[in-house]
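Chain letters run A, B, ... following the sequence lines, proteins first and then strands; every chain starts at 1.
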Protein chains: 2
Amino acid sequence: MFHALADGTRRDIVLRTLDGEYSVSALARRYPMSFAAVQKHVAVLEAAGLVTKQRKGREQLVRGNVDTVRRATQLLDRFEAVWRGRIDRMGEILADDPNGGTR
Amino acid sequence: MFHALADGTRRDIVLRTLDGEYSVSALARRYPMSFAAVQKHVAVLEAAGLVTKQRKGREQLVRGNVDTVRRATQLLDRFEAVWRGRIDRMGEILADDPNGGTR
DNA sequence: GGGATCTACAACCATATGGTTGTAGATAAC
DNA sequence: GTTATCTACAACCATATGGTTGTAGATCCC
């Protein structure tokens with residue numbers, strides 16, 4: 001998932017498709033690369049669950065999936081929680097032992 | 001930055017070093033790979049600003065940088081904000097036009 | 001001083017990545 | 001029916017990635 005978000009074009013595709021539906025070719029027109037390249041990016045995003053595709057006639061509509069974005073956010077929040085835990089423990093040590101950290 | 005977070009070993013290193021300080025070799029002992037491999041991961045994380053290194057004698061202490069994690073979180077929050085904007089607009093359309101979406 | 005440890009970095013390798021072009025199947029438009 | 005459009009996928013290429021081993025400079029310990 002982070003890997004899928006690691007590419008700038010893919011992040012942009014997610015942003016666009018969170019804002020509205022786009023066919024793959026409509027997306028491709030917006031980037032200075034071939035249709036096939038954009039198609040691959042969409043496939044990576046789809047495999048990561050960041051977008052979903054829905055057939056509509058001959059075109060395939062791409063929509064961003066906010067639930068997966070939320071899961072990424074939650075994962076990063078857990079990083080911050082670990083950090084807070086460390087800071088809290090440092091506070092406890094200072095509170096328990098007035099001489100903590102000195103010799 | 002997302003690229004740096006895209007590797008599982010690197011995410012684990014960030015987690016550990018957010019929780020406490022580790023020398024590079026102390027980190028390396030925890031993973032089933034060579035010291036040099038872990039060193040490279042740390043270098044990638046440092047370049048992305050996700051960890052900082054501080055010399056202490058012959059060892060190099062690695063600390064996670066919560067500020068950068070926060071920036072990643074904020075970026076993802078912006079993704080969700082775009083999504084909310086879309087939903088809000090959809091709500092407005094329905095409110096403005098009772099026949100919206102039908103033929 | 002001499003040996004052990006920690007780090008840095010280069011060289012190398014297999015595979016993944018991001019891009020290309022080309023071909024082919026469905027669907028829409030005329 | 002024929003042509004144009006949208007999509008899928010394969011083949012290919014250059015470069016990046018994640019791993020290895022090896023060498024070498026600092027620092028610590030005896």
Side-chain angles (χ1 to χ4, degrees), chain A residues 1-65 68 72 75 79 103, chain B residues 1-65 68 72 75 79 103:
Chain A
M1 188 177 57
F2 283 115
H3 159 251
L5 287 171
D7 183 273
T9 302
R10 285 200 289 265
R11 283 198 301 276
D12 199 75
I13 291 175
V14 173
L15 269 181
R16 285 192 198 281
T17 56
L18 280 170
D19 201 44
E21 288 180 343
Y22 289 80
S23 71
V24 180
S25 58
L27 283 172
R29 268 177 242 123
R30 310 220 164 209
Y31 302 99
M33 64 186 74
S34 70
F35 171 81
V38 173
Q39 195 181 323
K40 278 196 194 178
H41 283 306
V42 172
V44 170
L45 289 170
E46 190 182 17
L50 283 163
V51 304
T52 56
K53 289 195 291 189
Q54 192 184 359
R55 256 238 125 68
K56 184 179 181 182
R58 69 182 155 180
E59 39 187 27
Q60 194 91 255
L61 296 182
V62 182
R63 273 181 301 184
N65 184 355
T68 309
L75 217 165
F79 278 45
R103 282 200 178 261
Chain B
M1 187 177 57
F2 284 115
H3 159 251
L5 287 171
D7 182 90
T9 301
R10 286 201 289 264
R11 283 197 300 276
D12 199 73
I13 290 176
V14 173
L15 269 180
R16 285 193 198 281
T17 57
L18 281 169
D19 202 42
E21 289 180 343
Y22 289 80
S23 71
V24 179
S25 57
L27 283 172
R29 269 177 242 122
R30 311 221 163 209
Y31 301 99
M33 64 186 74
S34 70
F35 170 82
V38 173
Q39 195 181 322
K40 277 196 193 177
H41 282 307
V42 172
V44 170
L45 289 170
E46 191 183 15
L50 282 163
V51 305
T52 57
K53 288 195 293 190
Q54 191 184 0
R55 256 240 125 68
K56 185 181 181 182
R58 69 183 155 182
E59 37 187 28
Q60 194 92 256
L61 297 182
V62 182
R63 273 181 300 185
N65 183 355
T68 309
L75 218 167
F79 278 45
R103 285 201 175 259

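- Rounding to the nearest 0.5 Å places CG of A:L5 at 5.0 Å from CG of A:L50.
- Considering OG1 of A:T17 and CG of A:L61, their distance stands at 11.0 Å, rounded to 0.5 Å.
- Across all non-hydrogen atoms, the minimal contact from A:Y22 to A:R16 is CE1-O, 3.4 Å.
- If you check residues 22-29 of chain A against DNA chain D, the residues with a heavy atom closer than 4.0 Å are A:S23, A:V24, A:S25, A:R29, listed by number.
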**Request:** Evaluate the criterion side-chain contact (heavy atoms from CB on, under 4.5 Å) for residue pair B:H41 and B:L27; output intermediate values, then yes/no.
**Result:** CA-CA 11 Å; B:H41 282 307; B:L27 283 172; over 6 Å; no
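- Minimum heavy-atom separation, B:F2 to A:A6: CB-CA, 3.7 Å.
- The heavy-atom pair separating B:Q39 from B:V24 by the smallest distance is CA-CG1, 4.2 Å.
- A donor-acceptor pair under 3.5 Å is formed between the side chain of A:Q60 and the backbone N or O of A:R55.
- At least one donor-acceptor pair closer than 3.5 Å links the side chain of B:T68 to the backbone N or O of B:G49.
- Using a 4.5 Å heavy-atom threshold, the side chains of A:E21 and A:K56 count as separate.
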**Asked** Which nucleotides of nucleotides 15-23 of chain C have their base under 4.0 Å from a protein heavy atom (B), which only their sugar-phosphate (S), and which neither (-), written as one string 5' to 3'?
**Response** --SSBBB--
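- When all heavy atoms of B:V51 and B:V14 are compared, the pair lying nearest together is CG1-CG2, 4.4 Å.
- Applying a 4.0 Å cut-off to non-hydrogen atoms, the residues of residues 46-65 of chain B that approach DNA chain D are B:G57, B:R58, listed by residue number.
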